[in-house]
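Naming convention: chains lettered A, B, ... in sequence-line order (proteins, then strands); numbering from 1 in each chain.
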2 protein chains.
Amino acid sequence: MPDSLTGRRRSVLHETRCQTCSLSSLCLPLALEIQDMDQFDAIIRRRAPLKKGETLFRQDSPFTSVYAVRSGSLKQVTTEGSGDDQLTNFYLPSELVGLDGIDEEHYPGTAVALETTTVCEIPFDRLDHLSESLPELRGQLYRSMSKELREDRRMMRLLSRKTADQRLASFFTGLSDRFRRRGYSPYSFRLSMSRADIGNYLGLAVETVSRILGRFQSQGLVEVSGREVHILDLESLILVAEEEGAR
Amino acid sequence: MPDSLTGRRRSVLHETRCQTCSLSSLCLPLALEIQDMDQFDAIIRRRAPLKKGETLFRQDSPFTSVYAVRSGSLKQVTTEGSGDDQLTNFYLPSELVGLDGIDEEHYPGTAVALETTTVCEIPFDRLDHLSESLPELRGQLYRSMSKELREDRRMMRLLSRKTADQRLASFFTGLSDRFRRRGYSPYSFRLSMSRADIGNYLGLAVETVSRILGRFQSQGLVEVSGREVHILDLESLILVAEEEGAR
DNA sequence: CCTCCTCCTTGATCATGATCATGGCGGACA
DNA sequence: TGTCCGCCATGATCATGATCAAGGAGGAGG
């Protein structure tokens, strides 16, 4: 595709410019001035939307880009040996996928769309180069990685010290919070992932996820119907999530 | 202390220059040319050695610097609520401590020396600024963070899918590998952490750590006497660590 | 409309590792 | 040299959540 078409293509397909993107206050260019944002904009590559189940990149394929989620959601799955998968993260709009591939030159997991999903592709060599002249961009990149580190540590705590109830409560309060920050209702949302995905992520069997969801429902904490979730008592749910001395 | 003393002080106390540091092939300035290394060297601050049990930085104190371990070892502990600690990492020489404090402006955990430990303090604002003109340094910093992300994911897998046996086997093979890379024997080493630390890190009760260590010993995999460890059969230990279909 | 298949729920049993309890070892210090 | 205290080992019991098993609900496609 000739470059001359790119401009038109972009505006036709979707609003693809950071300046008009509703996520710009959460996303990587968050701290940039308008003229800097244009420079950043220029290195971004559009991708055709992914359909549910399609992969953005595969484990062990060469690392070239990081991706900002624009709409939809993804999971990242690492396979080791035969059939033993570990779901390491879910990614929502404005979050960066692929940062853990920077060293080693290949992606350490496969990123799979959980629903129709659009992403902004950011070639890493160009991002790195641009970060030389844009300190705010560089800072934001450091912060994104640092934040992911902190969240991984939270996850490690969850996996090593929390009961099944606490894990699920954390999962829902966490999701609720992420939706709120993105301007969606923190009380009503649709899960894009299956129970199996949730269980895999939280280190629980599917059956356990089901059972505890049922219990939360009978306790009046949430109302769950398939993948539709209504949080009825967020405060109590937070209490359950942080309950101490359990286990 | 007047600045004029610093130069002398450095050379008297220890070899503190990266160029003469035996870790330079593993540490942050790894990819730098000699003249660039001098620039990097100039921003590093020496600290008095920490004694066992002393803290390098405390949870929630303001983030200012990252630290490269020079000798000894540290643990990082996050406290939540009352008395519920989570040990999130052990740090060996050449590793960077504090990267998870970059966003949020404070450290998310307390770093405690497990033995007499020396570190190089690297003020982050100066590091960031220097990374503008030294692409190799910047790249190395990105890679360090990315690597830590990948290792966190490995840890998440360990915590959510591995049995107690596999966890301990992983812990020992991991340590062995880290010692090897640093030029120490991968078969004989001294643990700088207590059984309680190991258990906390791996999500196991102290008793379980003890029991399994005993079993490994009776199986001829290792020989353990207090904190002195001899790995007798590294291959089998690796097999145990990666054993599939367990649990 | 029916069928198939995936995803989810629920019940019964079992196993792993936590917890509780006790005792031993070894180093620091008087 | 004896005592104390932190760290470690080991035994007995228990609880959480995994596993095995079966069945239901809902959606896609004929």
Side-chain angles (χ1 to χ4, degrees), chain A residues 51-53 75 83-87 112 114-115 158-171 190-219 222-229 240 243-247, chain B residues 51-53 75 83-87 112 114-115 158-171 190-219 222-229 240 243-247:
Chain A
K51 288 197 280 288
K52 181 174 173 172
K75 62 178 174 181
D84 180 30
D85 286 357
Q86 168 72 24
L87 204 166
V112 180
L114 292 169
E115 57 197 311
L158 179 144
L159 292 172
S160 83
R161 318 211 81 73
K162 295 197 172 183
T163 63
D165 287 51
Q166 294 175 297
R167 293 182 200 195
L168 268 160
S170 293
F171 182 69
R190 186 169 211 307
L191 299 173
S192 59
M193 67 291 284
S194 67
R195 303 284 191 273
D197 285 339
I198 298 175
N200 187 318
Y201 179 58
L202 297 177
L204 299 172
V206 199
E207 295 92 328
T208 307
V209 175
S210 240
R211 267 185 259 275
I212 293 177
L213 247 45
R215 188 143 41 75
F216 281 178
Q217 180 145 13
S218 71
Q219 291 169 341
V222 297
E223 194 178 293
V224 184
S225 165
R227 297 196 174 181
E228 213 60 52
V229 176
V240 172
E243 197 162 72
E244 275 170 53
R247 155 142 294 209
Chain B
K51 287 197 282 287
K52 181 175 174 173
K75 62 178 173 182
D84 181 29
D85 286 356
Q86 167 72 26
L87 203 166
V112 180
L114 292 169
E115 58 196 311
L158 178 144
L159 291 172
S160 83
R161 316 213 82 77
K162 294 197 173 183
T163 63
D165 287 50
Q166 294 175 298
R167 293 182 199 194
L168 269 159
S170 292
F171 181 70
R190 186 177 169 64
L191 300 172
S192 58
M193 67 291 285
S194 68
R195 303 285 192 271
D197 285 339
I198 298 175
N200 187 318
Y201 180 60
L202 297 177
L204 298 173
V206 199
E207 295 92 327
T208 307
V209 175
S210 244
R211 267 186 259 276
I212 293 176
L213 247 45
R215 188 142 41 76
F216 280 178
Q217 180 146 15
S218 72
Q219 291 168 342
V222 297
E223 194 178 293
V224 184
S225 165
R227 298 197 175 180
E228 214 59 52
V229 176
V240 172
E243 201 161 70
E244 274 170 51
R247 148 140 300 209

Worksheet entry | Selection from C:dG17, D:dT10, D:dG17 that lies nearest to any side-chain heavy atom of A:Asp165 | D:dG17

Worksheet item: Between A:Val206, A:Val112, A:Leu87, which is the residue that forms a side-chain contact (heavy atoms from CB on, under 4.5 Å) with A:Asp197?
Response: A:Leu87

Item to complete: Can you tell me the distance, in whole Å, between the CD atom of B:Glu243 and the P atom of C:dT16?
Response: 12 Å

Item to complete: Assess whether one donor atom and one acceptor atom, taken from the side chain of B:Glu207 and the base of C:dC20, lie less than 3.5 Å apart.
Response: yes

Worksheet item: Does the pair B:Leu158 and B:Gln166 meet the rule for a side chain to side chain contact (heavy atoms under 4.5 Å, CB included), with working shown?
Response: CA-CA 8 Å; B:Leu158 178 144; B:Gln166 294 175 298; over 6 Å; no

Worksheet item: Side-chain N or O of A:Arg227 less than 4.0 angstrom from OP1 or OP2 on C:dC8?
Response: yes

Worksheet item: In whole angstrom, what separates B:Ile212's CD1 from C:dA15's C1'?
Response: 14 Å

Response to the item:
Note: B:Ala169 and B:Val240 closest approach over all heavy atoms is CB-CG1, 3.7 Å

Worksheet item: Going by distance alone, is a donor N or O of one side chain under 3.5 Å from an acceptor N or O of the other, for A:Glu228 and A:Ser225?
Response: no

Worksheet item: Side-chain donor or acceptor of A:Arg211 under 3.5 Å from a matching atom on the base of D:dT19?
Response: yes

Discussion item. Looking at A:Thr208, I'd like to know whether one of its side-chain N or O atoms comes within less than 4.0 Å of OP1 or OP2 on D:dA18.
Written reply: yes

Worksheet item: Which nucleotide in the list C:dC8, D:dA18, D:dA9 gets nearest to the side chain of A:Ser210?
Response: C:dC8

